[in-house]
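Heads up: the structure comes next, in structure tokens.
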Number of protein chains: 2
Amino acid sequence: MESVQQPHRVRMTPGARRVLAAAERLFYERGIHAVGVDLIAAEAGVTKKTLYDRFGSKEQIVVEYLAGRDERWRERLAGHLEAVAGRGPDARIVAVFEASRAWALEYGRKGCSMINANAEIGDPSHPAHPVITGQKRWMLDLFTGLAREIEPAGADGLARTLMLLHEGALVAHGVGVFPDPFGQALEQVRHLLGNGAAATGGASLR
Amino acid sequence: MESVQQPHRVRMTPGARRVLAAAERLFYERGIHAVGVDLIAAEAGVTKKTLYDRFGSKEQIVVEYLAGRDERWRERLAGHLEAVAGRGPDARIVAVFEASRAWALEYGRKGCSMINANAEIGDPSHPAHPVITGQKRWMLDLFTGLAREIEPAGADGLARTLMLLHEGALVAHGVGVFPDPFGQALEQVRHLLGNGAAATGGASLR
DNA sequence: TGTCCACTATACAGATCTGTATACTTCTGC
DNA sequence: GCAGAAGTATACAGATCTGTATAGTGGACA
């Protein structure tokens, strides 16, 4: 479950760093297809030659964009989890949602970059596809591990419910249909955990 | 079944119908930006002149694509709700999720067209933007109306939780991180309703 | 017979896209 | 002093994009 931090496929020179920073901002704000390499190079204050010398293709910039954002998210999440170290799995599950809420307020005006990229990249053979599915799988595994500490029997079911609430809050935030969806998710999560943990794997209720 | 059928901004000649059918399939399967008007015209067996004579712009085709899909979804949903007519709000809420599950299995291999389009469009001044937000607002209003029949006090909170589970299942289905997310959502919804309805709007819990 | 109407066929304008080529500069380390 | 790495500047190839222009076809209907 430790992320295997594979080395960057890209030499991160100062120019490359500026390219990636510009690409992250532009891709997230306007979408991947809507942003061309000329614009990225111009915003980064770099020539296209430098851009292609470092990254080789636009696809690779997309991969680095998503992988980098995922990495920053995991670091951020780790900080929130450290803050409740020693406390039980309930507190850590709540901490995940609180981390997402803080992240969404700070970085997430346009929703989840992974969900958005998944919508733009129909083709599963795109090199960014594993980054996207890997990130979502990682989140599900995280929830599953925490759920197992609460009730090993129904852990998968609880984890999937948490995943639904989390993804739902991400997309609701992106569409903006009602305010503070993570607040709503948190309320529901606290309620589920307080009740002795929601629908388990089996055929529901007492 | 009678949806309010506001007049199309487009004369739906046989050629226009084929254009829209091809656009719906291609936009959903490959994404909006990834599909050009030349391809749409070719797949529809129509010249570009016909396409532009009918729709005027690609943007307008996108609007018709989303509005048409929304209309079909509402008709489908109406059918599922009629099947439980006379029964209580609980049964109708469950019926909504069952309708989404059936829809996703049939039309939804790539997730929710509204969520995907919202990810691709970025710009809120795009004419398709109101179609997207309108559809999500309509779903939230639907849940709110049903929730009000269960408990007027906490209706907004219950509706938002249902919305989170529903959007979460849509996006989980699109990413494919675990199988049958609507089944999981249904389980959780039945549990919430069976328990006397979950976290209410206010600062309810213990 | 004549007039719409939907449509075909084809060509092209003009912009933008990803990616490459050539030649030169600037800085660093040995 | 000099090699190599990183970058600038500029031009261009080749494809694809949205959208338009011109000319003609075939059927319905009065």
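Letters go in sequence order (proteins before strands), and every chain restarts at 1.
Here C:dT8 is the nucleotide among C:dA6, C:dT8, D:dG7 with the atom lying nearest to any side-chain atom of B:V46. For A:V37, taking side-chain heavy atoms from C-beta onward, the closest of the listed nucleotides C:dT18, D:dG7, D:dT8 is C:dT18.
Each of B:D38 and B:T13 was matched to the nucleotide of DNA chain C holding its nearest heavy atom; the match closer to the 5' end belongs to B:T13.
Across the protein-nucleic acid pair, A:K48 atom NZ and C:dC17 atom C1' stand 8 Å apart, rounded to whole Å. Look at CG on A:L39: it is 14 Å from C1' on C:dT18, rounded to the nearest Å. One interatomic measurement links the two molecules: CE of A:M12 to C1' of D:dA5, which rounds to 17 Å at whole-angstrom precision. Put simply, CD1 on A:I40 is 10 Å from P on C:dC17, counting in whole angstrom units. Nucleotide C:dC17 holds its P atom 15 Å from the CD1 atom of A:I32, rounded to whole Å. Taking atom CZ of residue A:R11 and atom P of nucleotide D:dA5, one finds them 8 Å apart after rounding to whole Å.
Relative orientation of the A:F97 and A:F143 rings is tilted, given thresholds of 30° and 60° on the angle between their planes. Using the six-membered ring where Trp is involved, B:W103 and B:W73 have ring planes that are perpendicular, over 60° apart on the 30 and 60° scheme.
Looking at residues 50-58 of chain A, you'll see A:Y52, A:S57, A:K58 sit with a heavy atom under 4.0 Å from some atom of DNA chain C.
Summarising the geometry, atom CD belonging to B:E71 is positioned 9.5 Å from atom CD belonging to B:E64; distances are rounded to the nearest 0.5 Å. With rounding to the nearest 0.5 Å, the separation of CE in B:M139 from NE2 in B:H166 is 4.0 Å.
Legend: salt bridge (charged side-chain N to carboxylate O under 4.0 Å, His left out) pairs involving residues 112-132 of chain B, not counting sequence neighbours: none detected.
Counting any heavy atom pair closer than 4.0 Å across all strands shown, A:T47 reaches a base atom.
Taking the centre and axis of the six-membered ring of A:Y107, the NZ or CZ atom of A:R76 falls outside the cone set by 45° and 6.0 Å.
Between the base of D:dG7 and the side chain of A:K49 there is no donor-acceptor pair shorter than 3.5 Å.
Salt-bridge formation is detected for the pair B:K136/B:E167: a Lys NZ or Arg NE/NH1/NH2 atom is positioned less than 4.0 Å from an Asp or Glu carboxylate oxygen.
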